[in-house]
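Single-structure report; data block below.
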2 protein chains.
Amino acid sequence: MKSAIESLNRKIRESGYRMTKQRAVVLEELSKTNDHPRADEIYQRVRRRLPNISFGTVYRNLKTLKELGLVRELNYGKKFSRFEVNIGKHHHFICLGCGRVYDLDIVPSRKLCEEAAQKTGFEVADCRVEFYGYCDAKEKRNLSDTEIDE
Amino acid sequence: MKSAIESLNRKIRESGYRMTKQRAVVLEELSKTNDHPRADEIYQRVRRRLPNISFGTVYRNLKTLKELGLVRELNYGKKFSRFEVNIGKHHHFICLGCGRVYDLDIVPSRKLCEEAAQKTGFEVADCRVEFYGYCDAKEKRNLSDTEIDE
DNA sequence: TTGACAAATGATAAATAATTTCTATATTCT
DNA sequence: AGAATATAGAAATTATTTATCATTTGTCAA
């Protein structure tokens with residue numbers, strides 16, 4: 001696992017960036033969860049370890065990590081973004097009740113993309129499948145989480 | 001076609017709303033296109049027929065029509081909403097180059113939803129499939145259209 | 001048709017709130 | 001150590017969306 005961090009460090013440095021405590025912790029916190037936190041949730045978590053980190057730093061690092069392809073930004077509704085470490089193609093289940101986002105390792109059929117390409121005549125680069133429903137989590141997240149459009 | 005408008009009128013009145021020129025034109029403009037305009041685009045189009053209509057009225061009516069289930073609001077990215085008349089289940093192709101949204105009459109396999117329900121153990125109410133790629137439209141829409149996240 | 005009341009409009013101002021920017025100071029890496 | 005990059009803290013931004021309110025319009029009953 002050490003080599004993973006090493007190669008990560010190398011990648012960051014090669015891009016002209018530096019590996020700071022703040023950047024590392026943002027990435028670590030995002031790596032150890034699969035609950036697709038918002039920027040403010042990431043800020044709260046990182047703050048437990050780096051009490052003086054500022055919101056701007058979290059945003060800046062999320063942006064940087066996104067540029068490096070290490071982090072993905074997800075938008076469900078237009079109020080805020082959610083973030084996840086980039087772990088390749090997968091899809092999501094979004095709870096209409098509490099706003100939680102879950103990973104699914106379902107692989108969408110190639111057929112579907114081909115069908116879309118045929119029908120449109122356009123080049124289809126990507127296909128996202130999102131399932132909506134209600135999860136069984138007991139505690140609701142805070143209100144702003146529930147503001148899923150439609 | 002007259003009966004369709006009649007039944008629409010009835011539906012609106014039964015809900016305690018009134019059918020105004022402004023409301024009718026907003027719905028008409030949205031009905032005669034399938035290009036998923038933003039609120040400001042709808043405003044521009046409606047203004048060609050009702051030069052004195054205000055932005056607030058367009059927003060108010062989009063909201064009302066959404067409540068009545070006649071209009072759907074779509075969010076790709078968090079900057080603005082797009083609107084379409086509610087014509088039942090269908091999916092979308094989103095151009096990563098110009099931001100245009102196209103309708104697709106592809107029906108996602110029931111299997112996929114069942115698979116998602118099985119994997120999550122949750123009730124899956126809806127499934128949205130979005131295809132991303134590049135369309136062949138010559139003229140680009142204005143810049144704000146291109147701000148598709150990711 | 002008319003009148004009355006509630007709902008909708010126009011014009012403008014205000015809110016919303018996530019994200020970005022600013023700047024002096026601190027940290028990283030060679 | 002030195003140059004470049006990053007940070008903290010706070011303020012600014014951005015543009016969509018909502019609220020306000022006096023005036024107008026739609027609906028319905030008489």
Side-chain angles (χ1 to χ4, degrees), chain A residues 6 8-27 37-44 46-47 49-68 71 73-83 99 142-145 147 149, chain B residues 6 8-27 37-44 46-47 49-68 71 73-83 142-147 149:
Chain A
E6 283 307 311
L8 187 61
N9 258 306
R10 196 168 52 246
K11 180 166 188 180
I12 287 178
R13 268 183 276 118
E14 279 170 1
S15 308
Y17 295 109
R18 289 172 180 175
M19 181 48 92
T20 62
K21 261 197 297 286
Q22 291 86 343
R23 186 162 292 160
V25 174
V26 166
L27 190 53
R38 305 180 304 255
D40 65 287
E41 292 174 324
I42 295 167
Y43 171 62
Q44 292 302 338
V46 171
R47 233 153 74 93
R49 293 170 60 186
L50 303 173
N52 291 323
I53 197 171
S54 70
F55 228 134
T57 299
V58 171
Y59 270 105
R60 217 176 315 130
N61 280 318
L62 287 172
K63 195 176 177 183
T64 301
L65 294 168
K66 217 172 62 176
E67 276 171 35
L68 290 168
V71 162
E73 185 176 356
L74 305 172
N75 287 117
Y76 301 110
K78 63 179 168 302
K79 288 219 165 52
F80 48 79
S81 294
R82 293 185 171 282
F83 297 88
N142 67 43
L143 263 182
S144 63
D145 279 41
E147 299 177 17
D149 293 302
Chain B
E6 284 306 312
L8 187 61
N9 258 304
R10 196 169 52 246
K11 180 166 188 180
I12 286 179
R13 268 184 275 117
E14 279 170 1
S15 307
Y17 295 109
R18 289 170 181 175
M19 182 48 92
T20 62
K21 259 197 299 287
Q22 290 86 343
R23 185 161 292 161
V25 173
V26 166
L27 190 54
R38 305 182 305 255
D40 64 287
E41 291 174 325
I42 295 167
Y43 171 62
Q44 292 303 337
V46 171
R47 232 153 76 95
R49 292 171 60 187
L50 304 172
N52 291 323
I53 197 170
S54 71
F55 225 136
T57 298
V58 171
Y59 270 105
R60 232 173 320 172
N61 280 318
L62 287 172
K63 197 175 176 183
T64 302
L65 294 169
K66 217 172 60 175
E67 276 171 35
L68 290 169
V71 162
E73 184 176 356
L74 305 172
N75 287 306
Y76 302 109
K78 61 181 168 301
K79 289 221 165 52
F80 48 77
S81 295
R82 291 184 172 287
F83 297 88
N142 65 44
L143 264 183
S144 63
D145 278 41
T146 69
E147 299 180 16
D149 293 303

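Residue numbering restarts at 1 for every chain, and letters A, B, ... go by the order of the sequence lines.
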B/Arg82 side chain to B/Tyr76 main-chain N or O, any donor-acceptor pair under 3.5 Å?
-> no

Rounded to the nearest 0.5 Å, what separation is found between the OG atom of B/Ser15 and the CZ atom of B/Arg10?
-> 11.5 Å

side-chain N/O A/Asn61 vs D/dT7 OP1/OP2, d < 4.0 Å | yes

For atom OH of A/Tyr59 and atom P of D/dG9, their distance in whole Å | 17 Å

Taking OP1 and OP2 of C/dT19, is either one under 4.0 Å from a side-chain nitrogen or oxygen of A/Ser81?
-> yes

Value in whole Å for how far the P atom of C/dT16 lies from CZ of A/Phe80 | 17 Å

Touch class at under 4.0 angstrom, heavy-atom based, for B/Tyr17 against every strand present = sugar-phosphate

Assign each of A/Pro51 and A/Thr64 the nucleotide of DNA chain D bearing its closest heavy atom; nearer the 5' end lies the nucleotide of A/Thr64

Under 4.0 Å between a side-chain N/O of B/Arg23 and OP1 or OP2 of C/dA8, yes or no?
-> yes

For B/Phe83 and D/dT16, give me the distance from atom CZ to atom P, rounded to whole Å.
-> 12 Å

Any donor-acceptor pair under 3.5 Å linking the side chain of A/Arg23 with the backbone of A/Arg18?
-> yes

Separation of C/dA17 atom P from A/Tyr43 atom OH, nearest Å, is 19 Å

Without hydrogens or angle criteria, can the side chains of A/Thr57 and A/Gln22 be said to hold a donor-acceptor pair below 3.5 Å?
-> no

Could you tell me whether the side chain of B/Arg13 has a donor or acceptor atom within less than 3.5 Å of a complementary atom in the base of D/dG26?
-> no

Quick one: is B/Arg60 getting a side-chain N or O under 4.0 Å of the D/dT18 phosphate, OP1 or OP2?
-> no

Below 3.5 Å, does any donor atom in the side chain of A/Arg18 face an acceptor in the base of D/dA4, or the other way round?
-> yes

Does C/dT9 have OP1 or OP2 sitting under 4.0 Å from an N or O in the side chain of B/Thr20?
-> yes

Can you tell me the distance, in whole Å, between the CZ atom of A/Arg10 and the P atom of C/dT30?
-> 13 Å

If each of A/Ile53 and B/Ala39 is mapped to the nucleotide of DNA chain D with the nearest heavy atom, which maps nearer the 5' terminus, i.e. the 5' end?
-> A/Ile53

Spacing between A/Leu62 atom CG and C/dA18 atom C1', to the nearest angstrom | 13 Å

Grab the CZ-C1' distance between A/Phe55 and C/dC22 for me, whole Å please.
-> 18 Å

For atom CG of B/Asp40 and atom C1' of D/dT14, their distance in whole Å = 14 Å

Output yes when at least one side-chain N/O atom of B/Gln22 is less than 4.0 Å from OP1 or OP2 of C/dG10, else no.
-> yes

With the side chain counted from C-beta on, respond yes when A/Ile53 and A/Val58 share a heavy-atom pair under 4.5 Å apart, and no when they do not.
-> yes

